[in-house]
Amino acid sequence: MSKFLIIDGNSLMYRAYFALPDLMNSEGMHTNAIYGFSMMLLKLLEEEKPDYIAIAFDKKASTFRHKEYSAYKGTRQSMPEELIEQVDILKDVINAFNIKTIEIEGFEADDIIGTVSKIASESGMDVLIVTGDRDALQLVSANVKVKICKKGITQMDEYDEKAVFEKYEVTPLQFIDLKGLMGDKSDNIPGVPNIGEKTAIKLVKEFGSIENLLMNTDKLKGKIKENVENNAELAVLSKRLATIERNVPIDIDLNEYAVKNYDVNKLTELFEKLEFSSLISDLKDDSRDTKDIKEWPVRDFTYVKNVLGKFDVLSLYPFIYDGKIKAVSFACGDGSFFVEIDDYDNFKLLNNDKLTLIGHDLKDFLVNISYCGIELNCKILDTAIMTYLLNPSESNYDISRVLKKYLKEDLQNIDDIVGKGRNKKSYDDIDKKLLVDYMCSAASNLSKLKDKLMSFIKEMEMEDLLKNVEIPLIEVLKSMEVYGFTLDKDVLRSISKEIDEKTDKIVKDIYDAAGYEFNINSTKQLSEFLFDKLNLPAIKKTKTGYSTDMEVLAELIPYNDIVGEIIEYRQLMKLKSTYIDGFIPIMDENNRVHSTFKQTVAATGRISSTEPNLQNIPVREEFGRRIRKAFVSSYEDGLIISADYSQIELRVLAHLSEDEKLIESFLNNEDIHLRTASEVFKVSKEEVTSEMRRRAKAVNFGIVYGISDYGLSKDLKISRKEAKEYIDNYFDRYKGVKNYIDSIVKFAKENGYVTTILNRRRYIPEINSKNFNQRSFGERMAMNTPIQGSAADIIKMSMVKVYNELKERGLKSRLILQVHDELIIDTHPDEVEIVKELLKSIMENIIKLKVPLVVDIGQGKNWYDAK
DNA sequence: CTGTTCACG
DNA sequence: ACGTACGTGAACAGA
């Protein structure tokens, strides 16, 4: 059966006004009545779920009761100023709820309610009347109930016939007689003097009605008899005044009062103006909204505000164009909508620690809004990273590819919508329909994608890696990017000048030697000069001609002095173009450069750094190393502190292989290359020469890279036979390593993948190739990936912990860079000692291996000095 | 847009 | 007989 909810607007408005403290918004407007009324309305809609609803209001003109009795409601004070100013807004709110109000000239809300409830109940509906006034109890019948506010605004008593009788020992209709006898102070209904509730109930119970009482006054005694007899007319008038009119002449179509969706935009806007933030978040869990989303997916932020509070998991897909977030699509499950972004502050709506945001490459978005000062505290999940963990060798993790692969969803390519290169469209020229469709499809699939990926991740036992390392790392990398690394422009300029002077002279020398000018940077023109003009021996060929790389040039040095100058020119040009000319234009107003760290690029699990790449700043050659003098702290008198893992890859190898000798070396904190030299060359440690140590070091590198005699021979410029001897000797002495390498290759051949300490996985399809090169490549990957990847796991764990520790302790120092085995902290001068202790204790104890992890710390006013 | 070279771990 | 050491990114040249 349908349910008609009818509300006494005036009564509830007064009720809210008096029950609540004097609330005001920042404009000084009183809001308590609107607030209380809205709260009651929301609660009623949610609890009662009516099919029809109406709110009745008094009409200001005098009512028929005043005509009969001029003193009617005479004691009532006029409406307070603070309530009057709320009435119109309250009606706007009701309007935004899409609820119709009823007001009729000359009648009170009570009478409208009486009439409408009669019509509704006669047409077979259940009626629920909500009011603060007990008078309404007279309207109760078999299918009409009344709810009356008890205390405050949220507590209500519901009355049906039985409840009325239990409470007042009379029927609903006799309630009128009761009131006629008792009178009503608030309505200024006189009643019979000296008859209160007790006597009135007794009389109504005995006589049934006022009329019957007046006919039988002889049965009364004493003072009561006297009062009733002397006030018979008053009693009749009081009864008439107390009787709610149920036949107000109105033409009403009940269907007009069917419950509609409220106008979320308007309502949110009003609540925002009134500053009812808690109510905005109460506009929630309304399935009607999801329906709206599907019907019309373009929204504005007012709408978003309402919707976002409702969900504890939301998918988000941003459209970042020219470095700005132009639009975002939100989804809950597969319901989604699109919003254009005019004000980044709107993203603060996502600041909710109960919310989980699902995104694909969320860091891009988080970094972007962070540059505008917006930091979110919601939980995050990233489907791009999840996809990367499932297979870190993919060339890219574009959403369209991923959806195609895991959900068989076809998404139009974003490049087809936006255009590429010189065909890139201006934002306004983009086909909005296509963009909205693309973004909503992306967002609405993320949740399903997440579920699918998560089931695979659990299957592969990578949930810990995802949740404890990769996901927390997003915020760490974000912070590193946004904070940036401060550069000293003067240092760069002075090195630049030095390079210019040197190269000017070198270029002249080379042109003199050639007898003509050419582009020394061109491999082709340089090889013409070297191999045609100078007739030097061409040692190596490339696909396109003769090679002129470092290895070749080094061999040509003895033939002609100019070769040395070419080498120097190359080095200097590299430094200038990449690290000086490349850096100066990307420094911001605080002299900082902001790299982008890529979490889904390196197949081994490492992170990579781009634009600029801060992970390949020169260090090996002294001249290039001076570039590091330009990398300084952002703090006045601050320090750059560098903490690097000593021999982390060989330690990981010792752990994984459980090789006794290797473990022993690390337990005894030996010089690892010296020890290897003594083993490989079968001499005592005292007899190891520096050349032997150098070669042993190369052997160790070779082991880590997946050794081959050819590679080693080339690196050490020795014969393959000799290289093979080194390797054989090594494996003879380090049997555990040999066993490990054999078993990991075997594992890879059988399973098609290898794993790291944290169960990170890399597939190696090449390992079973019939092509020798491919297969060998696969074998080397099988050997190298668990080592390089486990080292990556370890430093990633350290990054998360170092970042969190600095944050929790409220330190000003910041983790600003990771270079695979090294963390760089921009350190506040007051925090040097604590940062050093913190780094060492966290990094060395982040995981317990079969060998200790050792961290070396360096400090200085710049990165150069921190080594 | 690919190839070469070279910067780092 | 095979002919690469593992993992990255940027600048430049020359189609």
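Residue numbers start from 1 in every chain, and the chains themselves are labelled A, B, ... in the order their sequence lines are given, proteins ahead of strands.
Partners of A/Asn739 under the side-chain hydrogen bond (donor to acceptor under 3.5 Å, both in side chains) rule, at least two apart in sequence or in another chain, do not exist in this structure. For A/Asp488, there are no salt bridge (Lys or Arg N to Asp or Glu O under 4.0 Å) partners at least two apart in sequence or on another chain. Judged as a side-chain hydrogen bond (donor to acceptor under 3.5 Å, both in side chains), and not counting sequence neighbours, A/Asn751 has no contacts. Partners of A/Ala654 by side-chain contact (heavy atoms from CB on, under 4.5 Å), not counting sequence neighbours, listed by chain and number: A/Leu662, A/Ile663, A/Phe666, A/Val851. The side-chain hydrogen bond (donor to acceptor under 3.5 Å, both in side chains) check on A/Ser642 picks up A/Glu822, with sequence neighbours excluded. Checked against salt bridge (Lys or Arg N to Asp or Glu O under 4.0 Å), A/Asp532 has no partners two or more places apart in sequence or in another chain.
Taking the 5' to 3' direction, DNA chain B first and last meets chain A under 4.0 angstrom from a heavy atom at B/dG3 to B/dG9.
Look at A/Arg780 and you won't find any side-chain N or O under 4.0 angstrom from OP1 or OP2 of C/dA5.
Put simply, CD1 on A/Ile744 is 15 Å from C1' on C/dC6, counting in whole angstrom units. Atoms CD (A/Glu649) and C1' (C/dG7) sit 9 Å apart, rounded to a whole Å. Between A/Asn771 atom CG and C/dA1 atom P the separation is 17 Å, expressed in whole Å. Rounding to whole angstrom units, CG of residue A/Asn784 and P of C/dT4 are separated by 18 Å.
Within 4.0 Å of A/Val819, counting heavy atoms only, lie sugar-phosphate atoms of the nucleic acid but no base atom. Residue contacts shown for A/Arg620 include a base, since a base heavy atom lies under 4.0 Å away. Counting non-hydrogen atoms under 4.0 angstrom, A/Thr785 reaches nothing in the nucleic acid. Counting non-hydrogen atoms under 4.0 angstrom, A/Ala698 reaches a base of the nucleic acid. A/Tyr710 comes within 4.0 angstrom of a nucleotide base, judged by non-hydrogen atoms across all strands. As judged by a 4.0 angstrom heavy-atom cut-off over every strand, A/Met783 is placed among residues making no nucleic acid contact. Backbone-only contact: A/Asp549 has heavy atoms under 4.0 Å from sugar-phosphate atoms and none from a base.
Ion pairing of A/Lys796 with A/Glu470 is present here, as a side-chain N (NZ or NE/NH1/NH2) and a carboxylate O approach within less than 4.0 Å. Between A/Arg693 and A/Asp671 there is a salt bridge, since at least one side-chain N of the basic residue sits less than 4.0 Å from a carboxylate O of the acidic one.
Applying the ring pair (Phe, Tyr, Trp, His ring centres under 6.0 Å) rule to pairs touching residues 514-542 of chain A yields A/Tyr516-A/Phe518, A/Phe518-A/Phe529, A/Phe531-A/Tyr546, sequence neighbours excluded. Within the structure, side chain to side chain donor-acceptor pair (under 3.5 Å) pairs that include any residue of residues 386-396 of chain A comprise A/Asn391-A/Glu394, A/Glu394-A/Arg401, A/Glu394-A/Lys405, A/Ser395-A/Arg401 (at least two apart or interchain).
Under the side-chain contact (heavy atoms from CB on, under 4.5 Å) test applied with A/Leu817, the options A/Ile824, A/Leu823, A/Ile617 reduce to a single match, A/Ile824.
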Pairs of donor and acceptor atoms involving the side chains of residues 534-542 of chain A, under 3.5 Å and at least two apart or interchain, shall be tabulated with distances.
residue: A/Lys540; atom: NZ; partner: A/Asp549; partner atom: OD2; Å: 2.7
residue: A/Lys540; atom: NZ; partner: A/Glu551; partner atom: OE1; Å: 3.4
residue: A/Thr542; atom: OG1; partner: A/Thr544; partner atom: N; Å: 3.3
residue: A/Thr542; atom: OG1; partner: A/Thr544; partner atom: OG1; Å: 3.4
residue: A/Thr542; atom: OG1; partner: A/Gly545; partner atom: N; Å: 3.2
residue: A/Thr542; atom: OG1; partner: A/Gly545; partner atom: O; Å: 3.1

| note | Taking Watson-Crick and G-U wobble contacts under 3.5 angstrom, with | marking pairs to another strand and [ ] crossing pairs, the secondary structure of DNA chain C is written .....|||||||||.

| For every nucleotide of nucleotides 8-15 of chain C, 5' to 3': is a protein heavy atom under 4.0 Å from its base (B), only from its sugar-phosphate (S), or from neither (-)? | SBBSSSS-

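Only the C1' atoms considered, C/dC2 is 31 Å distant from B/dA7, to the nearest whole Å.
For A/Ser708 against C/dT4, a side-chain N or O and a base N or O form a donor-acceptor pair under 3.5 Å.
An aromatic stacking contact links A/Tyr705 with the base of C/dC6, defined here by ring centres under 5.5 Å apart and ring planes under 30° from parallel.
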